[in-house]
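Labels below follow one simple rule: chain letters A, B, ... track the order of the sequence lines, proteins then strands, and each chain is numbered from 1.
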Number of protein chains: 2
Amino acid sequence: MNKPHDIPDWNQMRALLATVQAGSLSGAAKRLGLTQPTLGRQVAALEASLGVTIFERVGRGLVLTEAGAQLVAHLRDMGEAAEKVAMAAAGQSQSIDGVVRVTVSDVYAAHVLPPLLTQLRARAPGLVVEVAAVNSISDLIRREADIAIRHVRPDQDGLIARRCADSAAYIYGAPAYFEREGRPNSAADFARAVFVGAFEGNDIFIAELNRRGVPVGPANFPWATQSGVTGWEWVRQGLCLGAMVDVVARRTPGVEVALPSLEPIPVSTWLVTHRELRTSARIRLVFDVLAEALSRRG
Amino acid sequence: MNKPHDIPDWNQMRALLATVQAGSLSGAAKRLGLTQPTLGRQVAALEASLGVTIFERVGRGLVLTEAGAQLVAHLRDMGEAAEKVAMAAAGQSQSIDGVVRVTVSDVYAAHVLPPLLTQLRARAPGLVVEVAAVNSISDLIRREADIAIRHVRPDQDGLIARRCADSAAYIYGAPAYFEREGRPNSAADFARAVFVGAFEGNDIFIAELNRRGVPVGPANFPWATQSGVTGWEWVRQGLCLGAMVDVVARRTPGVEVALPSLEPIPVSTWLVTHRELRTSARIRLVFDVLAEALSRRG
DNA sequence: GAAGGTTTATACGTTTTTGCATGAACAAGC
DNA sequence: GCTTGTTCATGCAAAAACGTATAAACCTTC
C-alpha cells in the first residue's frame with residue numbers, strides 16, 4: 001500500500017493548513033496565490049501520502065475528520081514557526097533596498113506622509129515604501145505590515161512602540177457651512193450641527209463632545225464614510241463639520257475652527273513595529289525617519 | 001524587486017533545514033530523496049526570496065552566516081512540528097484503539113451484535129464500539145457514524161457498501177396469541193389478524209403481504225412503536241403478530257411461524273461505510289468482522 | 001420553484017521544476 | 001605533485017506541477 005518512509009511534502013502541509021484556516025480550498029488558494037485545483041490536488045496528495053483521510057467531501061465544502069483535526073493542531077505550530085522564520089528573515093535583511101510596508105490612516109497617508117516619503121527617497125533611493133491606507137487595525141504579529149502608525153497604545157506582546165508627539169483635534173468647518181447653518185458661539189449651539197460620521201460608529205467621539213458640554217447624539221451624524229479623506233473633503237466643501245488633527249487642518253486651506261474656545265480632543269500617536277524587525281536595516285531606517293518627524297512638534 | 005506579499009515556500013524551508021542538519025547539499029539530497037542540484041536551487045531561491053544571505057560559499061562546503069543561524073533556530077521548531085504531524089498521521093492510520101460508531105436497527109443491536117462485539121473485544125481490547133441503535137437512516141457522509149448496517153441499497157456517492165448474506169423474514173406469533181385469536185391455516189385467515197406497526201408506516205409491509213394473497217390493510221395495525229425490540233417483545237408476549245428476520249426469531253424462544261407455507265419476505269443486508277475505511281485500521285477491522293459474520297449463513 | 005453565487009472535481013495545454021550529466025574547485029592521502 | 005574523493009555549479013531533456021476552462025453539486029435568496 002503505502003511507501004514505508006515517504007518524505008512529507010511541506011508545501012502540501014502548508015496547503016492543508018491554509019485550507020483549514022481559510023475554510024475552503026478556494027479561499028486558501030487566494031491566500032496562497034495559487035488556484036483551487038492546485039490546492040485540491042496538494043491536499044489530496046497529502047492524504048494519500050499520510051494515509052489519513054483528512055477531509056470528508058460533503059457536497060459544497062469540506063469537513064475535517066477527527067484524524068484531520070489532530071493533524072491540524074500540530075500544523076498550526078508549524079505555521080507559527082514558519083511565520084517566525086519569515087519574521088526573522090525580514091529582520092536579518094541588512095539591505096537598505098527593498099520593500100517596507102506601513103499601515104496608517106488614509107488621512108495621515110494623504111496629508112502627513114508625503115514629505116516624509118520624499119525624505120526617505122533622498123536617503124535611500126532603492127527603498128520602496130508601501131503605504132496601506134487602511135483605517136482598520138492591521139496585525140503586525142502576522143506581518144500584514146512592518147510598521148504601523150496608530151492612535152491607540154498597542155498592547156500585544158512582541159511589539160515595540162514609540163510614542164510620538166501628542167497632537168490635538170478640533171472641530172472644523174468651511175465658510176460655506178457657517179454661512180448656511182450659522183457659526184456656533186457656544187457649545188450648546190452645536191445641538192443642530194451636522195457632523196461627518198465614521199463607519200465604525202461615533203460613540204467615542206460623541207462621548208468626548210458631551211464631556212465638553214456639546215449636546216450632540218447620533219442624530220447629528222446623518223452621513224458616514226469609511227474614508228477619512230472623503231469625510232475631510234466634505235468638511236472642506238462645507239457639507240458638514242468634522243474633527244481633525246490640527247497638523248492636517250493647518251495644511252488645508254479654507255477650513256476654520258468652529259469654536260476656538262472649545263477644549264481640543266487630545267490625540268496621541270504611536271509608531272509600532274515588531275521586535276524582530278528592529279534589526280532590519282531598511283525597516284529601522286523608515287521607523288527612525290517616521291519617529292523623528294512625528295515627534296517633532298509642528 | 002520583491003513582490004509585496006511573498007508567500008514563503010515551505011519546501012524551500014525544508015531544503016534549508018535538511019541542508020543544515022546534513023551539513024551539505026549532497027547529504028540533504030540523499031536524505032530527502034532529491035538530488036543535489038535541486039536542493040541547491042531551492043536554497044538559493046529561498047535566499048533570494050527572503051533577501052538574506054544564508055550560506056557563505058567557500059569552495060567546498062557551505063558555511064552558515066549569522067543571519068542564517070537565527071533562521072535555522074526557528075526552522076528546527078518547524079521541523080519538529082512537521083515530524084509531529086507525520087507522527088500523528090501514522091498513529092491515526094495504524095492505531096486500532098479508538099472509537100468506531102456503528103448504526104444499526106435496535107433489533108439487530110439487541111439480538112445480532114452481542115456475539116460480534118465480544119469477538120471484537122478479543123481481537124482489539126482498546127477498541128470502543130459505539131452502537132447507535134437508531135431505526136432512522138444515519139448520514140454516513142456527514143460522519144454521524146462510521147459504519148451502518150442497512151437493509152436497503154445505499155445510493156449515495158462516496159460510500160462503500162458490501163452486500164452480506166440475504167435472509168428471510170416470516171410472520172411470527174406466540175402461543176398465547178394463537179390460542180386467543182386462532183391459528184391461521186391460509187393466507188385469507190390473516191384478514192382479522194393484529195400486527196405490530198412501525199412509526200414510519202406499514203405501506204411497504206402491507207404491499208408485500210398483499211402480493212402473497214394476505215388480505216390486510218392499515219386496520220390490521222392498531223398499535224405502533226418506533227422500537228423494533230419493543231414490537232418484537234409484544235409479539236413474544238402474544239399481543240400481536242409481527243414480521244421478523246429468521247436469524248433473530250430463531251434465537252427467541254416461544255415464537256412460532258404463523259403460517260409456514262407463506263412465502264417469506266426476502267431481506268437483503270448491506271454493510272456501509274465512508275471513505276475513511278480506506279485509511280482507518282480500526283474502522284476496517286470492525287467492518288471486516290461484521291462483514292464476515294453477517295455474510296455467513298446461519 | 002427558479003436564479004445567482006458558492007463550492008469542489010475533471011480535462012488539457014503550458015509552464016515550471018526536477019534529474020542526469022558534466023565541469024570546476026577544494027581537501028586529504030600517497 | 002598527483003591521485004582520489006569530496007564538494008557545489010551549470011546545461012539540457014524529461015517529468016511533474018500548475019493554471020485555465022468547464023462541469024456538477026450545493027446553499028441561499030428572491
Side-chain angles (χ1 to χ4, degrees), chain A residues 3 6-50 53-65 68 72, chain B residues 3 5-49 52-65 68 72 139-144 154-160 274-276 278:
Chain A
K3 296 176 182 177
D6 210 3
I7 310 293
D9 186 306
W10 282 20
N11 276 343
Q12 292 173 0
M13 295 188 178
R14 181 188 62 165
L16 170 58
L17 176 62
T19 302
V20 173
Q21 289 181 336
S24 71
L25 293 174
S26 320
K30 240 183 297 180
R31 181 172 158 172
L32 291 180
L34 300 174
T35 58
Q36 169 263 322
T38 297
L39 266 290
R41 284 185 286 245
Q42 287 188 352
V43 171
L46 184 65
E47 282 186 312
S49 165
L50 295 179
T53 303
I54 298 169
F55 286 117
E56 211 55 57
R57 272 79 170 174
V58 47
R60 160 196 138 117
L62 305 177
V63 178
L64 258 182
T65 64
V72 169
Chain B
K3 292 180 179 179
H5 295 277
D6 207 4
I7 310 293
D9 186 306
W10 283 20
N11 275 344
Q12 293 174 359
M13 296 189 178
R14 181 189 61 167
L16 171 58
L17 177 62
T19 302
V20 172
Q21 289 181 335
S24 70
L25 292 175
S26 319
K30 242 182 291 182
R31 180 171 159 171
L32 291 180
L34 300 175
T35 58
Q36 167 265 321
T38 298
L39 266 292
R41 283 184 286 245
Q42 287 187 351
V43 171
L46 183 64
E47 281 186 312
S49 167
V52 175
T53 301
I54 299 171
F55 287 117
E56 291 291 342
R57 269 78 170 174
V58 46
R60 161 199 138 116
L62 306 177
V63 177
L64 257 183
T65 64
V72 170
D139 194 337
L140 290 183
I141 297 283
R142 299 214 174 88
R143 292 183 47 78
E144 293 172 12
D155 56 349
Q156 273 183 297
D157 284 346
L159 295 183
I160 303 168
H274 48 66
R275 285 197 338 140
E276 200 170 350
R278 297 180 191 157

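- Taking both residues in full, the closest heavy atoms of A/A29 and A/Q36 are given as CB-N, 3.4 Å, listed atom of the first, atom of the second, then distance.
- We find that CD of A/E56 is positioned 11 Å from P of C/dA9, with the value rounded to whole Å.
- Counting all heavy atoms, side chain and backbone alike, A/I7 lies closest to B/L32 at CG1-O, 3.6 Å.
- For the atom pair CZ of A/R41 and CG of A/L25, the computed distance is 11.0 Å after rounding to the nearest 0.5 Å.
- Residues B/R31 and B/A22 come closest through the heavy atom pair NH1-N, 4.2 Å.
- When every heavy atom of A/L34 is checked against every heavy atom of A/T38, the shortest pair comes out as CD1-CG2, 4.2 Å.
- B/T65 contributes no side-chain N or O that, together with a main-chain N or O of B/F55, makes up a donor-acceptor pair within less than 3.5 Å.
- When all heavy atoms of A/P8 and A/M13 are compared, the closest pair comes out as CB-CE, 3.4 Å.
- One interatomic measurement links the two molecules: CD1 of B/I54 to C1' of D/dC8, which rounds to 16 Å at whole-angstrom precision.
- Interatomic distance, B/N11 CG to B/L16 CG, rounded to the nearest 0.5 Å: 12.5 Å.
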*Go along nucleotides 12-20 of chain D 5' to 3' and tag each nucleotide: B for a protein heavy atom under 4.0 Å from its base, S when only backbone or sugar atoms are that close, - otherwise.*
------BBB

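- When all heavy atoms of A/R14 and B/D9 are compared, the pair lying nearest together is NH1-CA, 3.9 Å.
- The overall bend of the helix from C/dG1-D/dC30 to C/dC30-D/dG1, read as the angle between its terminal helix axes built from five base pairs each, is 30° when rounded to 10 degrees.
- Residues of residues 24-31 of chain B that place a heavy atom closer than 4.0 Å to DNA chain D, in numerical order, are B/S24, B/L25, B/S26.
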